[in-house]
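The structure appears right after this line, and notes come after that.
Within every chain, numbering begins at 1; the chains are lettered A, B, ... in the order of the sequence lines, protein sequences first and strands thereafter.
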Amino acid sequence: MSKYNVDLKQLDLPHIDNLIRQFWEERDIFKKSVDQRPKSNSFVFFEGPPSANGKPGIHHVMGRTVKDIFCRFHTMQGKRVERKGGWDTHGLPIELSVEKELGITKEDIGIKISVDEYNRMCRKTVMQYKDIWDDITRKMGYWVDLEHPYITFNNEYIESVWWLLGQLYKKQLLYKGYTIQPYSPAAGTGLSSHELNQPGCYKDVTDTTVVAQFLAKPDSLPTFLQGLGDIHLLAWTTTPWTLPSNTALTVGPKIDYVLVKTYNPYTFKAIQVILAKSLVGAQFTEKRFRHAESEEDLLSYQSTDKKIPYSVLQEFKGEALIGIRYEQLLPYALPYQHPENAFRVIGGAFVTTEDGTGIVHTAPTFGADDAKVAREAVPEVPPMLVLDENGNPVPLVDLQGRFRADLKDIGGKYVKNEYYKANEAPERSVDVEISIKLKEENKAFNVEKYVHNYPHCWRTDKPVLYYPLDSWFIQSTAMKDKMIELNKTINWKPAHTGEKRFGNWLENLNDWNLSRSRYWGIPLPIWRTEDTTEELCIESVAHLKAEVAKANEKLGLSQSVPEDLHRPYIDDVVLVSDSGVAMYREKDVIDVWFDSGSMPYAQWHYPMENRDNIDKGLSFPADFIAEGVDQTRGWFFTLHAIASMVFGSVAFKNVISNGLVLDKEGAKMSKRWNNVVDPFETIETYGADATRWYMISNAQPWDNLKFNVDGIDEVRRKFFGTLFNTYSFFALYANIDAFAYQEKPVPLAERQEIDRWIISLLNTLVKEVEAEYSDYEPTNASRKIMTFVDEHLSNWYVRLCRRRFWKGEYSQDKVAAYQTLYDCLNTIAKLSAPIAPMFTDWLYQSLNGGTQLEPQESVHLVDFPKADPASIDKALEQRMDYAQRISSLVLSIRKKENLRVRQPLSKIMLPILDTEFINQIDSVKELILSEVNVKEIEYITDTDGFISKKAKANFKTLGKRLGKHMKEGARLIQEMDQTAIRSLEKNEQFDIEIEGEKYTLIPEDIEIFFDEVPGWQVATDRDIVVALDISLTDDLIAEGIARELVNRIQNIRKIKEFDVTDKIRVHIEAHDIIHDAIGKFSDYIKSEVLAVDITMDEAEAGEVVEITDTVSLRVFVEKA
RNA sequence: AGUCCCGUAGCUCAGCUGGUUAGAGCACUACACUGAUAAUGUAGGGGUCGGCGGUUCAAGUCCGCCCGAGACUACCA
């Protein structure tokens, strides 16, 4: 005979975790849960690959809980949900951690250590925390296929990525360009815009800024500026180190500029300067300058004067300045090409007058806008490129961020002090040195510190440089419209992340910089001839093999395709062009983000294998993905971009972007603040389920979570504790009665009102929870389940029904109670399984262990419950609500009158509005009476003359009709007397008049409720009024005492640890106060405490027990 | 600098398309209850719904501005 599991005396979630985890592993439940569903009915999920070179944090538990919930839910909905795990293995983070470990820099690679060795080291390092990741995955109960993960460094994966690049190449979406890009000298690589958009990259920094004076060449000035003496153009820069590379100044053709006569604040020399009219006030600050009153005033200036006078001489459009030539500001070098076209004023539409001077210092080698405007000028303004020792054109700053050695005083210095090794940075940065130099040479108009936002490298944390680089791009801008259009079909949770954040990002899309001049990554599969006229994009290993054979033949080589497709082996492969010329691989590796964006295809080695997965849509696009909001421009974008460009499809249909996990104060978790929560510790202390449930129920996944372990404990107590207690209660009595659900389900009609009520609520709950899960609203689902378990099942159903379980014969009613409670618990286990997979599996197995009702060995193999609409009875739910509220009201009167519930009372009086109400209350009458220990309910109707009604306006219906008379109308309605209300009820209409306007009220315009009833002990709650008769008779008192006795005897039983089924004998010290009680209620007492007899004697062996406030007696209890 | 999101009790959060006493849980206080007991019930205190202005008969809810927190965008010199 099987029994319900009662092994656990107390709820111990970590213990249950262990049991269930072991069970899953032994029985291979995860695999079964996937395999039992047909391939044809799939729910596609993509697992975003984490990088195993960092340890998992508590936020990973959050993200993975969200993923797990929907995968489990859809599995229970009959779907096949394959979840291939994956690892992100390439990229800068790994390379940098290896460099650090080896104590080398990028320059040493290929010299101190071979590329081969270096890459082998990367391959090893990248998986260093894999075991810890696998461990947290298991411990938190996240189901993902860890045995067959995709790994981005595998040849198959690389081959798929090549194929994708090949498709882009064929669509002519790959191009090579020389552009100014964000570049990290410390990391030695260019950065893509999504790398620059990683959180925390933009930081406020204080830089030395200069407003420089560029001396115009007199003969190039427009006629209206000629013959006035020296004229300087003022231009502002936040990067003085770029001034040696200045080759132009840009003005806005339509902007108004002025010529100002004043003195240089450092040299006190008289000067004339040009700047934008609207920025005169910003440059000539009141602190240091003043308007000159007259020509004499201006001329009379002495360097000892406090304020410098200035005077505006002329005004003109920027247009007029174009073509002016100026003396090179810092003549360190000259452009190697067309130096005669440098150092002149050009026009540019991007110039604004928001800050600076309205004249933009233009260094085409270090600014994207600068390069563009310089190229567009006629004739083209040359960038400041010089020839190096090999005759190649290079900028004045090298790839390490250092000035070229041959640049006199600044040669060999880093342009930013941050690039020096610790403690090696000079006191004065190059920016400061240049500023001082300019001041001394009467070339600086203003030097000051300025705080602005500047991008930093996401890995090295050092400032980014904008630098000219030759690299490969994906022309994503060409597919922008398609991406925008497809995005509109995606269901984003929350919606605004998709519409606004992601949508705006797509609107402002830039081309995707693919190139990384690094070693550990997927090699760019493009080969070129040395003169760059011919090129080839390889799109598979087979393709490469064929090309290698061709090259071997034509060039007389004996190469083979390398076993490992990484550098350096792939670099050695030489191919041959159509014209028979050798081609060499472009040295770059690709952006790692392309790796992860390729996973929908590359995880299946598409198209070399598993073609149907993509072509027939078996595994593409995803029905669902989830990651943190920080991935909006990361993985979410790369998935979307590749799918849009290569397949013209979305990559995912539903996406949750979850918020951050903060500490309990709302601060970011960081090692520096020592507020990082260890996920292992949390799970081991509180259990995975409580942790998961807390995270989901406390806040919506997309809101930031203020993580507080106190909240987990609360969830454990309130939800899991209550559910566990309810189960334990059930199991205790079901085992005693040997209830094993052998009987046919008792028809609903034959069950008690309260059974039908909880079943109705349960079915409503099933319906709602299914809708919430389907709508990707796990928080609402969890909260609804909690309310049901806590308020309805435990605190009402079980509380009221307790006696049915422990009293009486094994009747149909008892069976009905068992069946009802069993069904509730079993259904809750299933509804909650996606969120709390371990406890619910324990609960399901414990229940099913007593009945063998369901063949599935785990809750994760069953189908999600279906709501039965026929069981939902809204009128019944309403009635029970009345019963709960009436009971509460009676208890509150008892409390006020100091009448304990054990003392029976004679009657409740209930004023009622209509007979329908009587019917409703009648069917729940018994529940109320037993709950509050009262003998009967008496209904008081209108005609009894006790009741006075009050009316209140219904604003919703009246507001529109009465308009501004609403306030007055509400007052009139409140003042309606009994006859007026009665008249409205009878005639179904009633006229009121406000300021001459007549309005006809109909019944729905007012709400009627009861006034206080004078002279009664009453309590009210909205539309219900309850009065209680508190007079006591001798019988009532005796019964009260009898109940007190029962209570005391029960306590003694418990102290003595009798079994709940033990029969007893009771001896009570004789006393008047109990004489009546025992005389009249001995049968009752005996049956309550399972006594075979009760005797009044000395009870000498008994203990003294307080019976009432004034009487204490000896009571002795022994086993019969 | 711009865009987006958020601001409701000491804490964590509800509050639907505007409708009249702004809710729940936790915490706190008091009293009960106790054959579910590291639970439970009842009662109580605690809110100018971030601020100001507007629309409306009516605003926590809609609009504008401001303050505060956050995320994101941006080479704007």
Side-chain angles (χ1 to χ4, degrees), chain A residues 10-11 180-182 193 196-197 199 202 209 235-239 242 249-250 350-352 354-363 366-370 452-455 464-466 494 496-497 499-501 504-505 508 629-630 632-633 659-660 662 664 666 668 697-700 702-704 706 708 710-711 714 717-718 721-722 724-730 732-733 779 783 786-787 790 794-795 798-799 802-803 805-806 888 891-892 894-896 898 900-902 952-960 962-970 1022 1047 1050-1051 1053-1054 1058 1060 1088-1090:
Chain A
Q10 273 178 19
L11 177 63
I180 309 299
Q181 291 162 31
S193 46
L196 216 51
N197 290 329
Y202 279 85
T209 69
W236 181 53
T237 180
T238 54
T239 51
T242 61
L249 291 172
T250 309
F350 69 93
V351 178
T352 67
E354 273 163 34
D355 42 26
T357 63
I359 301 175
V360 179
H361 148 59
T362 305
F366 301 115
D369 272 343
D370 303 36
H452 65 147
N453 227 266
Y454 196 81
V464 155
L465 228 51
Y466 287 87
H496 61 80
T497 296
E499 280 163 30
K500 312 281 180 166
R501 188 179 285 198
N504 289 346
W505 166 256
N508 301 314
V629 264
D630 50 338
T632 308
R633 273 87 181 197
L660 305 171
L662 308 169
K664 62 179 171 185
K668 236 179 209 172
S697 65
N698 189 64
Q700 308 271 24
W702 36 88
D703 288 336
N704 290 347
K706 289 184 193 168
N708 188 345
D710 294 348
E714 189 182 320
R717 286 201 330 265
K718 282 216 60 87
T722 306
F724 175 80
N725 281 340
T726 306
Y727 166 76
S728 303
F729 171 83
F730 167 84
L732 176 64
Y733 293 106
T779 306
R783 287 176 181 173
M786 272 200 293
T787 304
D790 232 49
S794 169
N795 287 332
V798 173
R799 196 156 60 86
R802 273 178 295 188
R803 300 181 65 83
F805 294 92
W806 78 64
S888 279
L891 291 172
S892 82
R894 274 184 175 276
K895 156 82 187 151
K896 226 179 285 170
N898 221 352
R900 42 183 51 183
V901 180
R902 274 196 290 268
K952 205 169 83 180
N954 179 350
F955 286 81
K956 228 168 186 164
T957 62
L958 283 172
K960 282 177 217 124
L962 300 201
K964 64 182 168 204
H965 289 148
M966 188 61 227
K967 221 170 220 164
E968 180 63 10
R1022 281 174 290 167
N1047 168 247
Q1050 299 287 29
N1051 283 345
R1053 283 186 64 118
K1054 204 168 168 198
F1058 288 1
V1060 289
E1088 283 297 310
V1089 303
L1090 299 183

For nucleotides 1-4 of chain B, which of its nitrogen or oxygen atoms have a protein nitrogen or oxygen under 3.5 Å away, and what is each distance?
from: B:U3; atom 1: O2'; to: A:N504; atom 2: ND2; distance (Å): 3.3

How close do A:R799 and A:N795 get, counting heavy atoms only, and between which atoms? NE-O, 2.9 Å
Taking only the C1' atom of each, what is the distance from B:G53 to B:A59 in whole angstrom? 13 Å
Closest to the side chain of A:T237, out of B:A74, B:A77, B:G35, is B:A77
Starting from P on B:C57, measure out to CD on A:E968 and report it in whole angstrom. 16 Å
Whole-Å distance, A:R799 CZ to B:A36 C1', equals 12 Å
Measure across A:F729 and A:F805 and return the closest heavy-atom pair with its distance rounded to 0.1 Å. CE2-CD1, 3.6 Å
Among B:G25, B:U40, B:A77, the one nearest A:E714 by side-chain distance: B:G25
Taking B:C63 as the reference, what is the distance to B:U21 when you measure between their P atoms (whole Å, please)? 26 Å
For a quick check of understanding: with a heavy-atom distance under 4.0 Å over all strands, which category does A:D790 fall into, base, sugar-phosphate or nothing? nothing
All N/O contacts under 3.5 Å from nucleotides 16-18 of chain B to the protein, with atom names and distances to one decimal?
none

Please tell me if A:R802 has a side-chain N or O lying less than 4.0 Å from either OP1 or OP2 of B:A36. yes
Measure the distance from OH on A:Y466 to P on B:C75 and round it to the nearest whole Å. 5 Å
Are side-chain heavy atoms of A:T497 and A:W702 found at a separation under 4.5 Å? no
What distance, rounded to whole Å, do you find between the two P atoms, one in B:U56 and one in B:G18? 16 Å
Strictly distance-based, threshold 3.5 Å: is any side-chain N or O of A:N704 a donor or acceptor partner for the main-chain N or O of A:L660? yes
Distance check, P atoms only: B:A43 and B:A69, in whole angstrom units. 41 Å
Sticking with atom C1', work out how far B:G64 lies from B:U17, rounded to a whole angstrom. 22 Å
Specify the closest pair of heavy atoms between A:A970 and A:A953, including all atoms of both residues, with the distance to one decimal. CA-CB, 4.0 Å
Quick one: list whatever passes side chain to side chain contact (heavy atoms under 4.5 Å, CB included) with A:T209, sequence neighbours left out. A:W236, A:T238, A:E448, A:Y450
Could you work out, with side-chain hydrogen bond (donor to acceptor under 3.5 Å, both in side chains) as the rule, every residue matching A:R717, not counting sequence neighbours? none
A:V360 has a side chain; which of B:A77, B:A14, B:G35 sits nearest to it? B:A77
So how far is it from A:D370 CG to A:T250 OG1, rounded to the nearest 0.5 Å? 6.5 Å
Rounded off to whole Å, could you give me the CZ-to-C1' distance for the A:F366 and B:C76 pair? 18 Å
Map A:L1090 and A:D703 onto RNA chain B by nearest heavy atom, then report which one ends up closer to the 5' terminus. A:D703
Counting the atoms with a prime plus P, OP1 and OP2 as sugar-phosphate, which does A:G959 contact under 4.0 Å by heavy atoms, base, sugar-phosphate, or nothing? base
I'd like the C1' distance from B:G54 over to B:G45, given in whole Å. 36 Å
Out of B:A36, B:U73, B:G35, which has the shortest distance to the side chain of A:S794? B:A36
Grab the CG-C1' distance between A:D710 and B:C11 for me, whole Å please. 10 Å
Any sub-3.5 Å donor-acceptor pair from A:R783's side-chain atoms to A:S697's backbone N or O? yes
Rounded to the nearest 0.5 Å, what separates atom CG in A:D790 from atom OG1 in A:T726? 8.5 Å
Between CZ of A:F805 and P of B:G35 the distance, given in whole Å, is 17 Å
Which listed nucleotide (B:A38, B:A71, B:C26) is nearest to the side chain of A:K718? B:C26
Say we look at B:C65 and B:C72: how far apart would their P atoms be, to the nearest angstrom? 24 Å
From the list B:A36, B:A14, B:A77, which nucleotide is the closest neighbour of the side chain of A:R783? B:A14
In this structure, how many angstroms lie between the P atom of B:A58 and the CG atom of A:L958, rounded? 16 Å
Between CG of A:L249 and OG1 of A:T362, what distance do you get to the nearest 0.5 Å? 6.0 Å
Among B:U12, B:C13, B:A36, the one nearest A:N698 by side-chain distance: B:U12
Pairs counted only when both distances fall under 3.5 Å, Watson-Crick or G-U: show me the 5' to 3' dot-bracket for RNA chain B, [ ] for pseudoknotted crossings and | for other-strand partners. ((((.((..((((.....[...)))).(((((.......))))).....(((((..]....))))))).))))....
Looking at A:K706, does any N or O in its side chain come under 4.0 Å of the phosphate oxygens OP1/OP2 on B:U12? yes
List the atom of A:A363, the atom of A:T242, and the distance in Å for their closest heavy-atom pair. CB-O, 3.9 Å
Measure the distance from CG on A:L732 to P on B:A36 and round it to the nearest whole Å. 9 Å
Using the C1' atom on both, measure B:C67 against B:G51 and round to a whole Å. 7 Å
For nucleotides 29-32 of chain B, print each protein N/O atom paired with a nucleotide N/O atom at under 3.5 Å, atom names and distance only.
from: B:C31; atom 1: O2'; to: A:K895; atom 2: NZ; distance (Å): 3.3

Check every atom of B:G70, B:A77, B:A36 against the side chain of A:V351 and return the nucleotide holding the closest atom. B:A77
On RNA chain B, more 5' by nearest nucleotide between A:T239 and A:Q1050 is A:Q1050
Between the main-chain N or O of A:T237 and the side-chain N or O of A:T239, is there a donor-acceptor pair closer than 3.5 Å? no
Under 4.0 angstrom, heavy atoms only, what part of the nucleic acid is A:D370 near: base, sugar-phosphate, or nothing? nothing
What nucleotide among B:A77, B:A27, B:G41 has an atom nearest to a side-chain atom of A:N795? B:G41
Of the listed nucleotides B:A27, B:A74, B:A36, the one nearest the side chain of A:W505: B:A74
Taking any heavy-atom pair under 4.0 Å as a contact, classify A:H965: base, sugar-phosphate, or nothing. nothing
